[in-house]
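Since the structure comes first, as structure tokens, the remarks are kept for the end.
When reading the values below, keep in mind they use all heavy atoms of this one structure, side chains included, and skip hydrogens, waters and symmetry mates. Sequence lines set the chain letters: A, B, ... in the order given, protein chains first and strands last, and positions in each chain run from 1.
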2 protein chains.
Amino acid sequence: MGTKNISMAVIRRLPKYHRYLGDLLDKDIQRISSKELSDIIGFTASQIRQDLNNFGGFGQQGYGYNVEALYNEIGKILGLDKKYNAILIGAGNLGQAIANYSGFRKAGFEIKALFDANPRMIGLKIRDFEILDSQEIESVVKENEIDIAILCIPKNGAQEIVNRLVSVGIKGVWNFAPIDLEVPKDVIVENVNLTESLFTLSYLMSEIE
Amino acid sequence: MGTKNISMAVIRRLPKYHRYLGDLLDKDIQRISSKELSDIIGFTASQIRQDLNNFGGFGQQGYGYNVEALYNEIGKILGLDKKYNAILIGAGNLGQAIANYSGFRKAGFEIKALFDANPRMIGLKIRDFEILDSQEIESVVKENEIDIAILCIPKNGAQEIVNRLVSVGIKGVWNFAPIDLEVPKDVIVENVNLTESLFTLSYLMSEIE
DNA sequence: TAGATTGTTAATCGATTAACAATC
DNA sequence: TAGATTGTTAATCGATTAACAATC
């Protein structure tokens, strides 16, 4: 039930607003103007006001924005109050790091199970979770009302896993596999592509020397 | 020594071109038109031609592009032929995962040392590397001509570490700490912000239901 | 040659910035 | 009230798409 059509550019700035407002809150700062926020966050004051007004008039003329109220509003816009059940597939180095990542709670995501295809990994314990056989993905997703899958597997086989996940009703994928997954349009995929990030760094480095 | 001013939008598409061309190469496909590439990569043919022509005329009228030649050209544009020495700071879960990440070689980056501030981590071995005390960062950077630092540390203290790195001549940072680092303008920072990615997924999930 | 497809210019679209009336 | 700052419209800027002459 989105309001207007919010552009991806705006959406990707929202977490940054949330983070900076959280920092201000930690410093007990109660109000901030778009100009002051501009100085610390680096977007123009005009852009900040435009961005926020996509979602509502959170400010007050002559005063600015109440930090705590705005922080909470953006949290709601980001859906941080919603709860989602997640599974993590691929319990290798990266998968284990992500499984231990503390940010999930803040985003309302709860990991319910870990999977791996490697027989030697199955049965090992990571945090509170025993690593399960990938064959059990379908049954676990169905029985635990899993909404989201976190993919920490190589690109080979990733599409096949996603097809299986989609077929049992998964609605979102946090994808660390270096591949562009094909999914029905009502399934959300958010990619974290380390290779693309590293190659971008390589490009920028080679430009300066 | 950049050519024109290439926009970030274009730069961030380059790794994707490289990846898809690599896939085509693996399939022994020798030539491709912008239209065919458009069908598989999802950018418009027009955009593909515009993007590539920022760097040179790699195609041939009536024929299209030679896959191998274009793959190699984009590799060069990305600076994948350049060699950089790197250190990794923060050998926790994520740091270890990144240290084991195989993508570095392809990008020409070689990790020379790992550091951690936790006394209990120091001396442990990850791959071929003993984890060193963070106090030794300066001397190791100087003695090994380190170009790049990979930051896998919490946000508290990250800016201070970066200041130290900059003072001994680091030129690039691959930053996994959830903070916007301040660096001189000739130092490159490429961020991988897992929280921002996760919050974006949360937003998009909350939109569909 | 005829057909295909590029390289490139022009047109369009969307995002950012500027300006200012509204109003707290 | 006077000053400050928003919300919002208008102007600008930049990126994407369309079109087509050049040419392989």
Side-chain angles (χ1 to χ4, degrees), chain A residues 2-17 20-21 24 29-74 77 196 200 203-204, chain B residues 2-17 20-21 24 29-74 77 196 200 203-204:
Chain A
T3 34
K4 303 174 253 182
N5 265 25
I6 310 294
S7 77
M8 265 321 258
V10 173
I11 294 167
R12 293 204 177 275
R13 282 193 291 269
L14 292 176
K16 207 163 240 183
Y17 288 121
Y20 276 89
L21 288 164
L24 291 168
I29 293 170
Q30 281 159 39
R31 56 160 285 225
I32 194 157
S33 68
S34 57
K35 174 64 174 61
E36 292 166 318
L37 189 53
S38 169
D39 290 338
I40 59 173
I41 206 171
F43 309 147
T44 64
S46 195
Q47 180 165 69
I48 291 169
R49 296 201 301 280
Q50 286 274 28
D51 282 353
L52 297 178
N53 277 92
N54 280 300
F55 303 99
F58 303 127
Q60 192 173 308
Q61 281 100 331
Y63 174 85
Y65 299 85
N66 178 286
V67 172
E68 185 170 12
L70 187 56
Y71 174 81
N72 290 332
E73 285 291 349
I74 293 177
I77 292 163
E196 289 184 6
T200 301
Y203 174 88
L204 296 170
Chain B
T3 35
K4 303 174 254 184
N5 265 25
I6 310 295
S7 79
M8 265 320 258
V10 173
I11 295 167
R12 292 205 177 275
R13 282 193 291 269
L14 292 177
K16 207 163 239 182
Y17 288 120
Y20 276 89
L21 288 164
L24 290 168
I29 293 169
Q30 281 159 37
R31 56 162 285 225
I32 194 157
S33 69
S34 57
K35 174 66 175 63
E36 293 167 317
L37 189 54
S38 169
D39 290 338
I40 59 173
I41 207 170
F43 309 146
T44 63
S46 197
Q47 179 165 69
I48 291 169
R49 295 201 300 279
Q50 286 274 29
D51 282 353
L52 298 178
N53 276 92
N54 280 301
F55 303 99
F58 302 127
Q60 191 172 310
Q61 281 100 328
Y63 174 85
Y65 299 86
N66 178 288
V67 172
E68 185 170 12
L70 187 56
Y71 175 81
N72 291 332
E73 286 290 349
I74 293 176
I77 293 162
E196 289 184 6
T200 302
Y203 174 89
L204 296 171

query: Using a heavy-atom distance cut-off of less than 4.0 Å, which residues of residues 60-69 of chain B contact DNA chain C?
result: Gln60(B), Gln61(B), Gly62(B), Tyr63(B), Gly64(B), Tyr65(B)

message: If you take any heavy atom closer than 4.0 Å to DNA chain D, which residues from residues 29-36 of chain A end up in contact?
response: Arg31(A), Ser33(A), Ser34(A)

message: Suppose we screen for salt bridge (Lys or Arg N to Asp or Glu O under 4.0 Å). Which residues come up paired with Arg12(B), at least two apart in sequence or across chains?
response: Glu190(B)

task: Quick one: closest heavy-atom pair of Arg49(A) and Ser34(A), and the distance?
output: NH1-OG, 3.0 Å

- prompt: Do Met8(B) and Thr200(A) come within less than 4.5 Å of each other through their side chains, counting heavy atoms only?
  reply: yes

field: Outermost nucleotides of DNA chain D that come under 4.0 Å of a non-hydrogen atom of chain B
entry: dA15(D) to dC24(D)

Counterpart residues, salt bridge (Lys or Arg N to Asp or Glu O under 4.0 Å), relative to Glu196(A) (two or more places apart): Arg19(B)

- request: Compare all side-chain heavy atoms of Ile32(A) with those of Ile40(A) and state whether any distance is below 4.5 angstrom.
  value: yes

message: Show me the pairs that pass salt bridge (Lys or Arg N to Asp or Glu O under 4.0 Å) and involve residues 53-66 of chain A, at least two apart or across chains.
response: none

field: Flag side-chain contact, heavy atom, 4.5 Å: Tyr65(B) against Leu37(B)
entry: no

Within residues 41-52 of chain A, residues whose heavy atoms come under 4.0 Å of DNA chain D: Arg49(A), Gln50(A)

statement: By side-chain hydrogen bond (donor to acceptor under 3.5 Å, both in side chains), Glu36(A) pairs with (sequence neighbours left out) Ser33(A)

field: Where Ile77(B) and Tyr203(A) come nearest, the two heavy atoms and their spacing
entry: O-CD1, 3.2 Å

task: Sequence neighbours left out, what pairs pass salt bridge (Lys or Arg N to Asp or Glu O under 4.0 Å) with at least one residue falling in residues 51-69 of chain A?
output: Arg13(A)-Asp51(A)

message: Testing the basics here: between Tyr63(A) and Arg31(A), what is the closest heavy-atom pair and its distance to 0.1 Å?
response: O-NH2, 2.7 Å

message: In the structure I gave you, are the side-chain heavy atoms of Thr44(A) and Gln50(A) within less than 4.5 Å of one another anywhere?
response: no

statement: Dot-bracket for DNA chain D, 5' to 3', Watson-Crick and G-U pairs with both distances under 3.5 Å, [ ] for crossing pairs, | for partner on another strand, reads ..||||||||||||||||||||||

message: Within this structure, what is the OH-CZ distance for the pair Tyr17(B) and Phe55(B), rounded to the nearest 0.5 Å?
response: 9.5 Å

query: Excluding sequence neighbours, so at least two apart, what forms side-chain hydrogen bond (donor to acceptor under 3.5 Å, both in side chains) with Gln61(A)?
result: none

task: Please name all residues satisfying side-chain hydrogen bond (donor to acceptor under 3.5 Å, both in side chains) with Asn66(A), sequence neighbours left out, ordered by chain then number.
output: none

